[in-house]
Amino acid sequence: MNQLDSKFGDFGGMYVPELLIPALDQLEKAFLDAKDDPAFQEEFTSLLKDYAGRPTAMTLTRNLVSNPKVKLYLKREDLLHGGAHKTNQVLGQALLTKRMGKTEVIAETGAGQHGTATALACALLGLKARIYMGAKDVERQAPNVFRMRLMGAEVIPVHAGSGTLKDAVNEALRDWSANYEKAHYLLGTAAGPHPFPHIVREFHRMIGEETRAQIVEKEGRLPDAVVACVGGGSNAIGMFADFIDEPSVKLVGVEPAGKGLHTKEHGATICTGTKGILHGAYTYIMQDKQGQIEESYSVSAGLDYPAVGPQHAYLADIGRAEYVSVTDEEALNAFQLLARKEGIIPALESSHALAHALNMADTAEDDTIIVVNLSGRGDKDLGHVIKILGEDFNGSL
Amino acid sequence: MDRYKAMFARLDADNQGAFVPFVMLGDPDIDTSERIISQLIDSGADALELGIPYSDPIADGPTIQAASIRALDSHVTPDSCFSLLKRLRQRYPDTPIGLLLYSNLVMAKGIDNFYTQAKEAGVDSILIADVPLREATPFLEVAKSTGVAQILIAPPNATEETLSQIGEHSHGYTYLLGRAGVTGVETAADTPADALINKLTEYQCAPPLLGFGISTPQQVKTAIKAGAAGAISGSATVNLIADNLDDINAMTKALDEFVGKMKAATKKD
């Protein structure tokens, strides 16, 4: 049986073939052993500091917010090596892979960000990486495919199904079913079967811990709200984890509303979703009345996933965290605004969080401190945004 | 009436093992599927394992995933599958019929409702590919109250704890995995699985049927010799459907020959 609780209320669990249970148990055990092992913690911490660049900065925006009562801070995960928060937990899981005596890593990737992070960690730690990516995504994300291959990872296009992220997850799970003895499945977000949601949260929780220390140092108090985007939900749970027991801190998760919640083209699973099982967890998912999984959509590939991490489902149900949604258009506006006003180009994912934080800032009546988790940088999105805004874009909003 | 018990008793008396083909309900469409399944029984299948098409079949290889996609493209739903099952049950009152599917299809209807509908359609057992023992309690409870056998999987890496729980809860038969991985003939089963079969007997598990990677009469023979009560063949059966989609007569002929050969291999020496 599990040593850690595999569920968050009714959510989570281990809905996988019986065959994978021993591999998940082995992972849970390795994680718990590592947690108590100072040598593991020292190696993880030193990689985070000397290789990835932690702690990341916290920046008070100067020009973005017009409401004088509001201070809007950015937690700068965009400055982390690899360009996004993902490097944190990938380093942790890569170290666990070695600890379990495994030599190969399987991963899935949508836009290629988790794949790129996995590839860099495997290059660094001498692991063999094979990364499943929907065939459509391989075409759309050529630079990231090249990055992964440059760092020695094998990228395998998945043609089955719709050829996007969920099909890549399916294929990674199939590979793992056959090869769990020598390969670790390095899941990319705080979703999937237990113990992944737990492990991914713990390997990202320094985001919130640093935020707490930095804001207390600068402001002498906790923030009123922390805001983060939610696809699978890894950067958000990393930001939330250290504040869950601080009732004065509002936790706000921002889902992708795509072309609008009234259309089928969005990825706002909690805001609109129904409960069900996908990829090993009971959570909010996008499905039809029969229980067939539906395709999600977002301008931001990193939020384009038809399920969500089970702890977010739980935090939503008990009312501890609030989940809202932001459309493609609102996110694109925030993307441009941050570039223009602060000289920072955010990832389209993080632009969703920023867009909602700006709405909060506009309506705040009391002195308010908001921290947005700027989970990644936007360089990867430039090709896509150029197509949307047009080549003759002149910067006016 | 327990159709699995009756079948195993009959086969024992005849000194045979069971041959159980798997196909996807509604592959490639409901009408053709009805012909296919009828052919399998007419050709000598002892029992049937039938899938309900699902969008994200993580335990299946490319062959069965393609079968799911064909059926979904024909707008097959769990309800149209249940209607088909009812018709089959009327025509074949004694053949054990098991469902093999994914959990979200059950959750979408609600566990109670799904099992009740299955029972009313004449289904004898349900195997949910992505519900391991650890998550099985609510399903086992409903299985018991509705009188459907919950089929449990014994993987090659099963711990003693898993095997003892299978012994405690299994009805109908035990699905014995021939190897790790997903369904498909690309990798053959590692038969014989004598050691695991002996353990299953020791823990008084329901009779084991060996599945995953079974495509030849020789594998059936070996499985039964090792002590399995029979063998399940999914992808090899589904391949014959996929290979003959434009000629239904050729398809049923190929299925007839295949089932004939596989069934013949179940006779014990």
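Side chains are part of it too, since the values below use all heavy atoms of this structure and drop only hydrogens, waters and symmetry mates. Naming: A, B, ... by sequence-line order, numbering from 1 per chain. Please read all numbers here as calculations on a predicted model, not as lab measurements.
Checked options D56(B), V182(B), I58(B); the residue passing with L173(A) is I58(B) (criterion: side chain to side chain contact (heavy atoms under 4.5 Å, CB included)).
For K128(A), the NZ atom is loosely surrounded, since the number of other residues' heavy atoms within 6.0 Å does not exceed 12. Annotation for F139(B): atom CZ counts as buried by contact number, over 12 foreign heavy atoms lying within 6.0 Å. The environment of N198(B) atom CG is dense: over 12 non-hydrogen atoms of other residues, nucleotides or ligands sit within 6.0 angstrom. Within 6.0 Å of atom NZ in K7(A), more than 12 heavy atoms from other residues, nucleotides or ligands are found, so the atom counts as buried in its surroundings. In the displayed structure, E139(A) atom CD is contacted under 6.0 Å by at most 12 heavy atoms of other residues, nucleotides or ligands.
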- [ ] Evaluate the side chain to side chain contact (heavy atoms under 4.5 Å, CB included) criterion for residues I293(A) and Y54(B): first the C-alpha distance (whole Å), next the side-chain angles of each, then the deciding distance (0.1 Å), finally the verdict.
- [x] CA-CA 8 Å; I293(A) 306 305; Y54(B) 180 55; 3.4 Å; yes
TODO: For the pair N104(B) and I285(A), evaluate side chain to side chain contact (heavy atoms under 4.5 Å, CB included) and give the outcome as yes or no after the intermediate values.
DONE: CA-CA 10 Å; N104(B) 200 50; I285(A) 61 172; 3.5 Å; yes
Task: Intermediate values then yes/no, side chain to side chain contact (heavy atoms under 4.5 Å, CB included), R134(B) and D25(A) - done: CA-CA 12 Å; R134(B) 210 166 286 184; D25(A) 284 352; 2.7 Å; yes
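With respect to chain A, the highest number of heavy-atom pairs below 4.5 Å among S103(B), P57(B), P155(B), P132(B) belongs to P132(B).
For chain B, the nearby parts of N2(A) are the backbone and the side chain; heavy atoms of each come within less than 4.5 Å. Looking at I21(A), the atoms closer than 4.5 Å to chain B (heavy atoms on both sides) all sit in the side chain, from C-beta outward. Using a 4.5 Å cut-off between heavy atoms, L177(B) touches chain A through its side chain atoms alone. Using a 4.5 Å cut-off between heavy atoms, E294(A) makes no contact with chain B at all. Contacts of K289(A) with chain B are made by backbone atoms alone, with heavy-atom separations under 4.5 Å and no side-chain atom involved. Both the backbone and the side chain of I153(B) come within contact range of chain A, with heavy atoms under 4.5 Å apart. Looking at T159(B), there are no atoms closer than 4.5 Å to chain A (heavy atoms on both sides), in backbone or side chain. With a 4.5 Å cut-off on non-hydrogen atoms, P62(B) does not touch chain A at all. Interface remark: L72(B) contributes side-chain atoms only to the contact with chain A (heavy atom separation under 4.5 Å).
Using a distance-only test at 3.5 Å, with no hydrogens or angles considered, no donor-acceptor pair links the side chain of Q290(A) to the main chain of L105(B). Judged purely by atom type and a 3.5 angstrom limit, R174(A) has no side-chain atom pairing as donor or acceptor with the backbone of T183(B). The closest donor-acceptor contact from the side chain of E135(B) to the backbone of M14(A) lies under 3.5 Å.
There is a side-chain donor-acceptor pair under 3.5 Å between N157(B) and Y180(A).
Shown here for A180(B) and L19(A), the closest heavy-atom pair between the two residues is CA-CD2, 3.8 Å.
Evaluation of the ring-ring contact (aromatic ring centres under 6.0 Å, His included) rule for F114(B) yields F82(B) as partners, not counting sequence neighbours.
Side-chain contact between D288(A) and S55(B): absent, with no pair of heavy atoms (C-beta onward) separated by less than 4.5 Å.
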